[in-house]
There are 2 protein chains.
Amino acid sequence: MTIDDAPREALRGGPRELLRWVATGAAVSRADLSRLSGLSPSTVSQRVEALINQGLLEETGAGRSRGGRRPRQLAVPTGGAVVGAIDLGAHHARVGTLDLSGRVVQARTLPVRIEEGPEQVLGSLLAEVAALAASPGDPTSAGPVSSASTADGDPGALRGLGIGIPGPVQHATGRIVSPSRMPGWNGFDVAAFCAGRVDVPIIVDNDANLMALGAHRTAHSELDHAVYIKAGTGIGSGVISSGRLHRGAQGSAGDISHCRVVADPAPLCSCGNAGCLEAVASGAALVTALREQGVTVSDLTGVIRLIDDGDRHATALARQAGRAIGEILAVVVNFFNPQVVAIGGRLADCEPLLASMRATLYERCLPLATQTLLIERVAASQDVGITGAAHLVIDHVVAAN
Amino acid sequence: MTIDDAPREALRGGPRELLRWVATGAAVSRADLSRLSGLSPSTVSQRVEALINQGLLEETGAGRSRGGRRPRQLAVPTGGAVVGAIDLGAHHARVGTLDLSGRVVQARTLPVRIEEGPEQVLGSLLAEVAALAASPGDPTSAGPVSSASTADGDPGALRGLGIGIPGPVQHATGRIVSPSRMPGWNGFDVAAFCAGRVDVPIIVDNDANLMALGAHRTAHSELDHAVYIKAGTGIGSGVISSGRLHRGAQGSAGDISHCRVVADPAPLCSCGNAGCLEAVASGAALVTALREQGVTVSDLTGVIRLIDDGDRHATALARQAGRAIGEILAVVVNFFNPQVVAIGGRLADCEPLLASMRATLYERCLPLATQTLLIERVAASQDVGITGAAHLVIDHVVAAN
DNA sequence: CCACTTTCTTCGACTACCGAATCAAGTCGG
DNA sequence: CCGACTTGATTCGGTAGTCGAAGAAAGTGG
């Protein structure tokens, strides 16, 4: 079962937002929710009642008085229903379960060999999701978790599944469209494949889109326009416009990996052109370039270690990558004029790259566009992808009651 | 009196949309409106009644039967209220009045010397708007029109005024922010100045934004995401995202004039940088470049004539300009993934430029992004700016009843 | 014990919309 | 020329979602 369309509302005081406010601790009582949402107390009461009836919210006794009647505290039930999320990367996948407010219940990182093909890779990841969903939740777990299903607590029922793919995805159908670096995946219908194994709503999207959604919901939910760059093995971006994920006409919005940048010599890209951003500034490109310079390096982790150690070849490449990203981002910022640009992915922790990107951005953008622009690192980078995936799923599950 | 915010609704079957459907001839009866809007017949009846009471719509007898009862035809009253619009350019201004459905009632083009400063220029344009509003409308007028105020017919009352400025405008306040090529205008508060002379709601925006809005409403209203390039003396763009004008955080969205492009030699831009799009591909840049090659040319019109005549220097420059625009636009298309890119402004009629732009776009964009992308010329280019201005104003005037 | 605050619910009222029924006014086949 | 059928528009409850006022519930502080 696939879901075809984006959430229509969920913005102004929708059930999802109330849930999120409670989950994040921004609101503890109905009165808090009323103040935050701007809705009248009566409306909030109604909505909260509905949420409680749906089992999405519960009352947990009274709070401390602030000079008047004590608030009846609200909380998101633990051990309740969860959604599953998979953030697939080139070499690793982050798999987790999240409660219906979007908080991570359990998560673990698994090594992945993407070239084994979709059936193999997705098959084992789906099994992992099922195992996590069946095991009791440990809300603060972040690292690997035993998936042994013990008998205590009610294992939350799986309500939906969100999957992020490191390549172009037609969000409407859940199909992968000519990805680079994913041999054997072209045209594969992820949603259909998963629907055959798990009987819950499934949403498939590009990994950068999910990172954008996750980061926006957790860190920038008050900002209308935001751009998130994911710089890892590949390079992608996700766009938030008017508070909502912007997918564009074909669902390919944010795919800046094959924008041309100036580079000398211009390296050949897997797409057949030369000088693509991805061929200059992606993690894969850095590995290749270093090897061509005779440096022995195993993978992106090795490159980052070299940069941290101050290796000049690696650092120079990182700076070039930063400038290349900044160059493209400058056009994006001028054109789109976001409130924030945030960079995530494994290269986001690479200081020289970040510094060069910043410099290029400030140099090449309109002062008007950068004067209040935030340029940040994506926070909680590790779980931001699965968080976005979960939010997307929950928006549907909750909206559909 | 200034208006601070964008229209919140006006999208799904709002009063404005009904009005527009009638105005454009897409709908003639209530039944048509019901089919188009998806609203129930009863709702449409209600709305239409309200519009009629407001004087925004009228019944004009019965139409032809299609096998049943004859429809009661609806029309936008002529000779009724109008809004004024000014589309200011570097050397000319288009001034007009439009009825409340957004159709041009009267319009004329006036020569302008922008360097005379805002008081002088705006003063005479405001006088012209007043004269047009006071004179009886000739609905089909497109060229210069006598502004003599004859006594026949009820001169429509002016309900609002929209102004497009060829430079960066803070839409919220109506203030101009460090424009190139507008000496004496920096920081000028257009809205406040006009408010002192005309007592109607006033909206000020960038000319490219208005072109975008006008073109989208008239030609692409069914498309969600669109980008419009205005290539005249300067270069700007306007963005439609999810059917609405996207202004961005600072209101500077779409300002791609100072994005860097590859050019050899990279001409200096008025902003102090070299290789800005505006310094390579704008009309002003073409004039400058031709003169530097020793060609005697008076202005942009002269350049266009040279290109039409097949002058090789001029044509080469036009091609370079087209490539430069295409280069930036490629990033924009990859990033934003619009359904349509349309080019307007005086350079839009320049075939070599358009051809180069198209070629660059197809070469440098993701196939996924271009496979269904429309690349067009902006239609009805002359009046599209004032149309956009009027729409913006009407959205407020009608929404506010 | 009383005045006041804070929290939450109850109860009309209002708005916007829809659907069904109905009225209005045609066409068209016999 | 007369019904049967179509199409167009209105009337009239009914429903959903929201608000505001009032008030009940449960505190604090003097």
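In what follows, chains are A, B, ... by sequence order, proteins preceding strands, each numbered from 1. Since the model is a prediction, treat every value here as computed from it, not as a measurement.
- Counting only N and O atoms by type, the side chains of B:Q339 and B:T372 include no donor and acceptor under 3.5 Å apart.
- Atom-to-atom, CZ of A:R47 to P of D:dA16 comes out at 14 Å; the value is rounded to the nearest Å.
- As rounded to whole Å, 13 Å separates atom P of D:dG17 from atom CG of A:L51.
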### Query
What string of B, S and - do you get for nucleotides 4-10 of chain D, 5' to 3', when a contact is any protein heavy atom under 4.0 Å?
--BBBSB

### Task
Please step through salt bridge (Lys or Arg N to Asp or Glu O under 4.0 Å) for the pair B:R247 and A:D224, ending with a clear verdict.
CA-CA 11 Å; B:R247 289 204 178 77; A:D224 290 326; over 6 Å; no

Listed pairs, N/O of protein and of nucleotides 28-30 of chain C, under 3.5 Å:
none

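- The distance from the CD1 atom of A:I52 to the CG atom of A:L74 is 6.0 Å, given to the nearest 0.5 Å.
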### Query
Should B:E59 and B:R30 be marked as a salt bridge (Lys or Arg N to Asp or Glu O under 4.0 Å) after you check the CA-CA gap, both sets of side-chain angles, and the distance that decides it?
CA-CA 10 Å; B:E59 288 194 351; B:R30 292 165 176 80; 2.5 Å; yes

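- A:H225 places none of its side-chain heavy atoms less than 4.5 Å from the side chain of A:I240.
- No side-chain N or O of A:S42 forms a donor-acceptor pair with one of A:S45 less than 3.5 Å apart.
- Aromatic rings from B:F336 and B:H246 are positioned such that their centres are separated by 6.0 Å or more.
- Proximity of B:S40 to the phosphate of C:dC17: no side-chain N or O atom is located under 4.0 Å from OP1 or OP2.
- By the 30° and 60° cut-offs, the orientation of the rings of A:Y228 relative to A:H220 is parallel.
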